[in-house]
Structures are given as structure tokens and as C-alpha cells.
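Some notes on the structure that comes next.
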Number of protein chains: 2
Amino acid sequence: MGRWEPDAGGRLARAALELYAERGYEQTTVAEIAQRAGVTERTFFRHYADKREVLFGASDEMYEVLASAVGAAPPAATPLRALTAGLVALAGIFAEQHEHARQRQAVIAANASLRERELTKLAAMATALADALRRRGVADPAATLAAEAGIATFKVGFELWLAGPEEADVTQVVREALDELGGVFARG
Amino acid sequence: MGRWEPDAGGRLARAALELYAERGYEQTTVAEIAQRAGVTERTFFRHYADKREVLFGASDEMYEVLASAVGAAPPAATPLRALTAGLVALAGIFAEQHEHARQRQAVIAANASLRERELTKLAAMATALADALRRRGVADPAATLAAEAGIATFKVGFELWLAGPEEADVTQVVREALDELGGVFARG
DNA sequence: GCGACTGATGTCAGTCAGTGTCATCAACGT
DNA sequence: ACGTTGATGACACTGACTGACATCAGTCGC
């Protein structure tokens, strides 16, 4: 057994989400989060670069899921199909987590600087997606454009899913959003 | 004559860009910006909400140009054409400002929190664009999707323009980026 | 003219996010 | 035993940002 309770990072993340939801992001101090997690303020900053980052710990996993799904698409698949496979896999992470995702998103939506950080994470995902497409041989600027548009579409689809019933299939909602965007460009 | 030198906001904006370019965003304190502009630190925060915002003062004008150009497109124009008109008008703001835009973009690119703020501004532009499309009768989610994809495309086009020669036509580069994205979806 | 009012600024004290540095001490390997 | 490692605590410090109140040129009504 260690000298301290294990999983300080996890405890901090849970404490932060709770407090942000209870009293709001700005009304919560890092000292309070640390106290609820049973560590000092200094330890908070050893686990998370700043007060916002504590809500986005799972991002790295998401980049990997996205990139590997794009890479795993059949070699003959078109860029659009590979992109779709990636976004569907990404959406899969959230399946069965409708309620948790909704609470987290509500916290983020309630604060400008958290929304700002979320945009940064989405932009990083677009970069990861563009890289994965280039690895498949898609040239620029098509790769970058497709990635940016794809992530934007994911965002829209994800929000639709959150706003809808719990039974809805995230992956299906994302597929439909991509089809819809295809329609805008196909019909001119 | 007033009690103080006029245009404190403009002086602060110029001082900030200079200092951020000279020594970097993080190495510049608000007190230094205020001093160069001949005001106190408190006055800086009366003109700009935070240390980042001082670089983005022109954003409101951009939302208006974008929205009114979309609204001014012929009633019979397709959503894609109206969207294109809006983005081309937006790009027009930067014409003849290649060098200034490049310096500003270099400052932003050099710092994570400035990039973060820029993403927020782009997201606000996507919202303004989606609103303008809806006012033309474009339904959701197509309006939101087209707006998100359109702004993402603008971003890509704008960066291509900045990276290219000064003589290049911003509006033309943006048109080409939109065509390219159309190709991705048309060819599937 | 003159007093009330306005608006931009200065002054000052305070909170809190984030960082650098050194000390502590269980666990682990040798 | 003994040195090393790694996560944490303790503590001082900088700088972004806020709230409250004071100041005073210009303006307006009379």
C-alpha cells in the first residue's frame, strides 16, 4: 500500500466535476477541489496544467481511437468513408454514457473559458484526423479541409445526440449528420 | 481638448501587439502594455476584458460583414452560394493587409492561449453565419453544418493565403478552398 | 456664469490561478 | 542497511483580474 490514497488524479477530476456542477466553475477555487480530493493545491497542478484541464483528461484516448479507426479502414475506402469510420469510432466512446456526457457538457456550456478549452480539444482532434487521412494518402488541402469539416460535423451530431433521448445511437446520429452535410455540397 | 490623450483603446491595442511580437505574449505583463500606452493597468481592463482580447478588437465588425453579405445574396441563391458570398466578403476585410495579418497571426500562433481565443472567435463567426443562413430559410441542422464547415474552410483558406505571396487574392483562395471541400463530398 | 451631472481615468486593496524550490518519506532495488 | 525514486507537502512569490471609491474636464440646464 502506498503512502497516500491511490488515484489522486481521478479523485481530483471527480471532485472538480462535482463542484463545478454544484456551484459553478468560477465560484469554485482550486483549493476547494484539492481539499475535497484530500490533497494540496500544489498537487492539483501537478496532475492538471490548469483549472480547466481537469475536465478534459480523456482527450488523449480520443485522439488515438480516432486515428486508429481511420487507419483501420479498408485501403480501398474513399476519404469520406475512412473519415466516417473514425468519427463513428470516436462517437462509440460515449455510447452508454449519455447521462454523464450530458452533465459534463452542461458544466462546460455554462462557462466561457471551459467552452474555449473544448474548442481547443476539438481542434486537436481535427489535427489528429487530418494526420490520419494524410497517412492514407489523402493530399492537402483536402485532408485538412475534410478533417475540419468532419470534426465540425461530429460536434453538431454529438450535440444533437445529447439533446435527444437516451436510447438514441450516437454513432447513427453522427452518420446522419455527415450525410446531411454531404447533401449541402452535392446539391450545391 | 480632453483631459487625456484620445483613443486609449487603440493605443493599448498597438502597444500590446508590439510587445507581444517583441518579447512574446507570456513575457509581457499588462502593466507594461498599459505603461507603453500611457495609462494604468486598471484602464487596460476597462477597455479589454482580458490580456488576450486586446488582439481581437475587430471581431464584431467581422460578424457584421459576414452576416450582411449572406443576407445580401440573391434570394434565389443556393445556401452554398450565399455562404460563399459571406466568406468572400469576410476575406475582403483582409485584402491589402497581408503583412499586418501575417504579423498578427504569427503572434497568435506562438501562444496556446491566444490560439484558444482565436478558436472562440471563429466559433462565434460560425454562429453568426448559421444565423444568417437560417434567416434565408435554410433549415437546421443543414444551416449549422454548412456554417461550421464553411468557417473551417475559411480558416484553411486564410492560412493558405497568409503562407503564400502577398499578391495573392484572399477572396480567390477562399473560393478555391470551398470548391475543394465540395469535391470531397461530391466524389464521396 | 454656475452648480449638477457624466464619463473616463487614477488609486488602492484584495482574491486567486499558476510556478519555483526545497523538504519529506514510503517503497523499491541492491 | 543504504541510496534512489517518485509522489506529495510547505511556502513564498508573480501576475491577471475585480471592486470600491476618488478625481476632474467637459457639458447641460437654468
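Lettering follows sequence order; numbering is per chain, from 1. Computed from a predicted model, the values in this text were never measured in an experiment.
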[N] [atom2] sits how many Å from [X] [atom1], rounded?
X       : N      : atom1 : atom2 : value
B:Gln27 : C:dT19 : CD    : P     : 13 Å
B:Gln35 : D:dG15 : CD    : C1'   : 15 Å
B:Lys51 : D:dT18 : NZ    : C1'   : 17 Å
B:Asp7  : C:dT9  : CG    : C1'   : 15 Å
B:Trp4  : C:dG7  : CH2   : P     : 13 Å
B:Leu12 : D:dA16 : CG    : P     : 14 Å
B:Phe45 : D:dA20 : CZ    : P     : 18 Å
A:Glu26 : D:dA16 : CD    : C1'   : 13 Å

Heavy atoms only, 4.0 Å cut-off, all strands: where does A:Ser113 land among base, sugar-phosphate and nothing? nothing

Nearest-nucleotide pick for A:Asp50, side chain only, options being D:dT8, C:dG10, C:dG18: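 Looking only at side-chain atoms, A:Asp50 lies closest to C:dG18.
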
Looking at the side chain of A:Arg42, which of C:dT19, D:dT8, C:dT11 is the nearest nucleotide? C:dT19

Counting only distance, no hydrogens or angles, is the base of D:dG9 paired donor-acceptor with the side chain of A:Arg3 under 3.5 Å? no

Presence of donor-acceptor pair under 3.5 Å, side chain of A:Arg46 and base of D:dG6: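 There is none.
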
N/O (side chain, [X]) to phosphate O (OP1/OP2, [N]) under 4.0 Å:
X       : N      : value
A:Thr40 : D:dA10 : no
B:Thr29 : D:dT14 : no
B:His47 : C:dA8  : no

Between [X] and [Y], is there a side-chain N and carboxylate O pair less than 4.0 Å apart?
X        : Y        : value
A:Glu118 : A:Arg104 : no
A:Glu5   : A:Arg11  : no
A:Asp50  : A:Arg117 : yes
A:Lys121 : B:Glu116 : no

Toward the 5' end of DNA chain C, which comes first, A:Arg52 or B:Glu41, by nearest nucleotide? B:Glu41

Going by the side chain to side chain contact (heavy atoms under 4.5 Å, CB included) test, name the single residue among A:Arg23, A:Glu41, A:Gln27 that passes it with A:Glu32. A:Arg23

